[in-house]
Amino acid sequence: MASCVLRSWRLPFAMSNQLSGNGCTEDFGNGAERCVHVQDLWKWRLVLAYDGTKYSGWQYQERPTTVQYMVENALLKITKLGRKDLHFVGASRTDAGVHAWGQVAHFTTPFSFDQLESLHAGLNGILPHDIRVREISAVQPKFHARYSATKKTYHYKIYNGTIMDPFQHAYAYHCAHKLNVDAMRQAAEYFIGKHNFSAFITMSRDGFPKDPRREIFHFDVLKMDANLQLEIEGSGFFYKQIRNMVALLLEIGKEALPPDIILDVLASCDRRRLAKLACVAQPQGLCLISVSYVATDLEPPPGSPKSCFGRHPQINKCILPYY
């Protein structure tokens, strides 16, 4: 896998000795300032989108490169903080090759920003084009990207044509077998509710979870021409859980297994039971769409800057003299 290199980029700023309130002011240029508060910790939320094709998942790792490594290093360049001060945490540790449209992360700083537009533009200026910061906002100190999440939504895309669409090969799994969509929908209904998902959990480096129960709120199977989109919303998901669920649905769609096999596998609480029936689905079809939180956790603290969703560049109109 080709290595990913951060492009050299620096926010110009000069230290000011002038005290302002309970701290001092640093000027970033273009009117952007950060006000240093000695005793305060500010917490910031990022909403990220990325193409996971080239990355070895989310969780921090320098080689092979991960998404968290790239974003964290961009933040370190701009804030001039150390990793221990930044406390950068993501909501979901997506696997290698998995994509995201709505990954959420948080980080802390001992200072606040007067405005977030320059920080937003700076991060996207450093990051490679397959990783984008979609939103930056200040959040309550109690907010935690992972532990405050109330639900997560994932989509898994399947291309069910005889010949794979070359424009979708990086973002959908190709299944040439004609799938029985009605059987898949019937089977997906069995996942809804609170269950012990031990049979669908692949052992990770963190070991087996103490509580293997999770609740699935929705599991929809949508058909759009040759494309199938599986939309899963739940309280949380374990390592490779969704890809294991999709793998079993694919076997049901091929009519190799009946829909009610889901109940049998769930009841077994045994990963070996599933392993005899299906292999884990490929990663490129999976995408983290959104992470949800209680509204009060997302309220900005008093005195914080407005949330930034990016901005459109403006062109100064040039009035030509009349000849």
Side-chain angles (χ1 to χ4, degrees), residues 4 6 9 34 41-52 54-62 65-113 116-154 206 235-237 239 286-295 297-301 304-310:
C4 300
L6 287 171
W9 192 90
R34 69 180 186 182
L41 272 181
W42 292 78
K43 186 168 282 188
W44 311 93
R45 179 179 70 106
L46 300 179
V47 179
L48 299 151
Y50 50 84
D51 179 337
K54 296 193 302 183
Y55 301 100
S56 187
W58 164 266
Q59 195 164 5
Y60 188 92
Q61 180 177 283
E62 184 174 355
T65 307
T66 63
V67 178
Q68 182 179 356
Y69 172 82
M70 299 297 289
V71 179
E72 191 167 314
N73 273 270
L75 284 167
L76 295 176
K77 282 178 177 285
I78 291 178
T79 63
K80 311 300 182 184
L81 297 174
R83 284 198 69 205
K84 292 182 179 180
D85 300 318
L86 205 62
H87 300 293
F88 186 61
V89 177
S92 181
R93 292 177 287 184
T94 53
D95 303 331
V98 174
H99 314 294
W101 171 249
Q103 171 73 286
V104 175
H106 78 255
F107 67 97
T108 59
T109 60
F111 48 78
S112 180
F113 295 90
L116 295 174
E117 284 80 4
S118 296
L119 174 63
H120 197 170
L123 287 171
N124 282 335
I126 294 174
L127 289 166
H129 294 300
D130 52 6
I131 303 175
R132 295 289 88 182
V133 177
R134 293 177 49 215
E135 178 186 342
I136 304 178
S137 59
V139 287
Q140 296 292 323
K142 64 179 180 179
F143 174 84
H144 193 283
R146 185 180 306 160
Y147 300 128
S148 299
T150 58
K151 63 182 178 181
K152 298 177 182 179
T153 302
Y154 283 85
D206 298 328
S235 59
F237 300 94
Y239 182 55
L286 187 59
C287 182
L288 172 60
I289 299 299
S290 65
V291 185
S292 301
Y293 301 91
V294 175
D297 288 349
L298 301 179
E299 291 178 357
S304 59
K306 292 182 179 179
S307 300
C308 182
F309 302 89

A.B. asks: Taking the side chain as every heavy atom from C-beta outward, state whether Val104 and Leu46 have any atom pair closer than 4.5 Å.
C.D. replies: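 In short, these two side chains do not touch, never coming nearer than 4.5 Å.
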A.B. asks: Just by distance, no angles: are the side chains of Asp95 and Tyr239 close enough, under 3.5 Å, to form a donor-acceptor pair?
C.D. replies: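 Asp95 vs Tyr239: no donor-acceptor pair found between side chains.
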A.B. asks: Indicate the ring-plane relationship of Phe113 and Trp44, choosing parallel, tilted or perpendicular according to the 30° and 60° boundaries.
C.D. replies: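 Ring orientation of Phe113 relative to Trp44: perpendicular.
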A.B. asks: Compute whether any side-chain donor of one residue and acceptor of the other, for Tyr50 and Thr94, lie under 3.5 angstrom apart.
C.D. replies: yes
A.B. asks: Can you name the nearest heavy-atom pair linking Gly102 to Arg134, along with the distance?
C.D. replies: CA-NH1, 4.0 Å
A.B. asks: Report the C-alpha separation of Leu48 and Trp58 in whole Å, then their side-chain angles, then the decisive distance to 0.1 Å, and conclude whether the side-chain contact (heavy atoms from CB on, under 4.5 Å) test is met.
C.D. replies: CA-CA 11 Å; Leu48 299 151; Trp58 164 266; 3.8 Å; yes
A.B. asks: Is the Phe237 to Tyr154 ring centre distance short of 6.0 Å?
C.D. replies: yes
A.B. asks: Indicate yes or no for a side-chain donor-acceptor contact from Asn73 to the backbone of Tyr69 under 3.5 Å, with no hydrogens or angles considered.
C.D. replies: yes
A.B. asks: Could you tell me if the side chain of Ile136 sits less than 4.5 Å from the side chain of Leu123, heavy atoms only?
C.D. replies: yes
A.B. asks: Hey, are the side chains of Thr109 and Leu41 touching, using non-hydrogen atoms and a 4.5 Å cut-off?
C.D. replies: no
A.B. asks: Under 4.5 Å between any side-chain heavy atoms of Pro300 and Ser137, yes or no?
C.D. replies: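 No; the side chains remain at least 4.5 Å from each other.
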A.B. asks: Can you tell if the side chain of His99 reaches within under 4.5 Å of the side chain of Asp51, non-hydrogen atoms only?
C.D. replies: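 Heavy-atom side-chain distance check passes, below 4.5 Å.
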A.B. asks: Without swapping roles, check the side chain of His87 against the backbone of Thr108 for a donor-acceptor pair under 3.5 Å.
C.D. replies: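 Absent.
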A.B. asks: Of all heavy-atom pairs between Ile131 and Met70, which one has the smallest distance, and what is that distance?
C.D. replies: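 Closest approach of Ile131 to Met70, heavy atoms only: CD1-CB, 3.8 Å.
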A.B. asks: Considering all heavy atoms of both residues, which atom of Arg45 and which atom of Glu135 are nearest to each other, and what is their separation?
C.D. replies: NH2-OE2, 2.6 Å
A.B. asks: Looking at CD of Glu117 and CG of Leu119, how far apart are the two atoms once the value is rounded to the nearest 0.5 Å?
C.D. replies: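 If I round to the nearest 0.5 Å, the distance is 10.0 Å.
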A.B. asks: Roughly how far, to the nearest 0.5 Å, is CG of Leu76 from CG of Leu81?
C.D. replies: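 These two atoms lie 7.5 Å from each other.
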A.B. asks: What is the distance from atom CD1 of Ile289 to atom NZ of Lys152, rounded to the nearest 0.5 Å?
C.D. replies: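 Result: 14.0 Å between the selected atoms.
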A.B. asks: Minimum heavy-atom separation for Ser92 to Leu288, with atom names?
C.D. replies: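 The pair with the smallest heavy-atom distance is CB-CD2, 3.7 Å.
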A.B. asks: Taking side chain to side chain donor-acceptor pair (under 3.5 Å) as the definition, give me every residue that meets it alongside Arg146, ordered by chain and number, with sequence neighbours left out.
C.D. replies: none
A.B. asks: Taking the side chain from Ser148 and the backbone from Ala145, do they hold a donor-acceptor pair closer than 3.5 Å?
C.D. replies: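 Not confirmed, Ser148 side chain does not pair with Ala145 backbone.
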A.B. asks: Which is it for Phe143 and Tyr293 under the ring-ring contact (aromatic ring centres under 6.0 Å, His included) test, yes or no, and what are the steps along the way?
C.D. replies: CA-CA 9 Å; Phe143 174 84; Tyr293 301 91; 4.8 Å; yes
A.B. asks: Please work out which of the three classes, parallel, tilted or perpendicular, describes the rings of His106 and His144, given edges at 30° and 60°.
C.D. replies: perpendicular
A.B. asks: I need the minimum non-hydrogen distance between Cys308 and Leu116, along with the two atoms involved.
C.D. replies: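 Closest approach of Cys308 to Leu116: CB-CB, 3.8 Å.
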A.B. asks: Ignoring hydrogens and geometry, is there a side-chain-to-backbone donor-acceptor pair from Thr65 to Tyr55 under 3.5 Å?
C.D. replies: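 Side chain of Thr65 to backbone of Tyr55, a donor-acceptor pair under 3.5 Å: no, none is there.
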A.B. asks: How close do Asp297 and Val139 get, heavy atom to heavy atom, and via which atoms?
C.D. replies: O-CB, 3.8 Å
A.B. asks: Nearest 0.5 angstrom please: Glu72 CD to Thr66 OG1, how far?
C.D. replies: 8.5 Å
A.B. asks: Hey, is the main chain of Leu127 close enough, under 3.5 Å, to the side chain of Arg132 for a donor-acceptor pair?
C.D. replies: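 Answer holds: yes.
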A.B. asks: Report the C-alpha separation of Val71 and Phe107 in whole Å, then their side-chain angles, then the decisive distance to 0.1 Å, and conclude whether the side-chain contact (heavy atoms from CB on, under 4.5 Å) test is met.
C.D. replies: CA-CA 11 Å; Val71 179; Phe107 67 97; over 6 Å; no
A.B. asks: When rounded to the nearest 0.5 angstrom, what distance separates OG in Ser304 from CD in Glu299?
C.D. replies: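 Answer for the OG-CD pair, Ser304 versus Glu299, is 10.5 Å.
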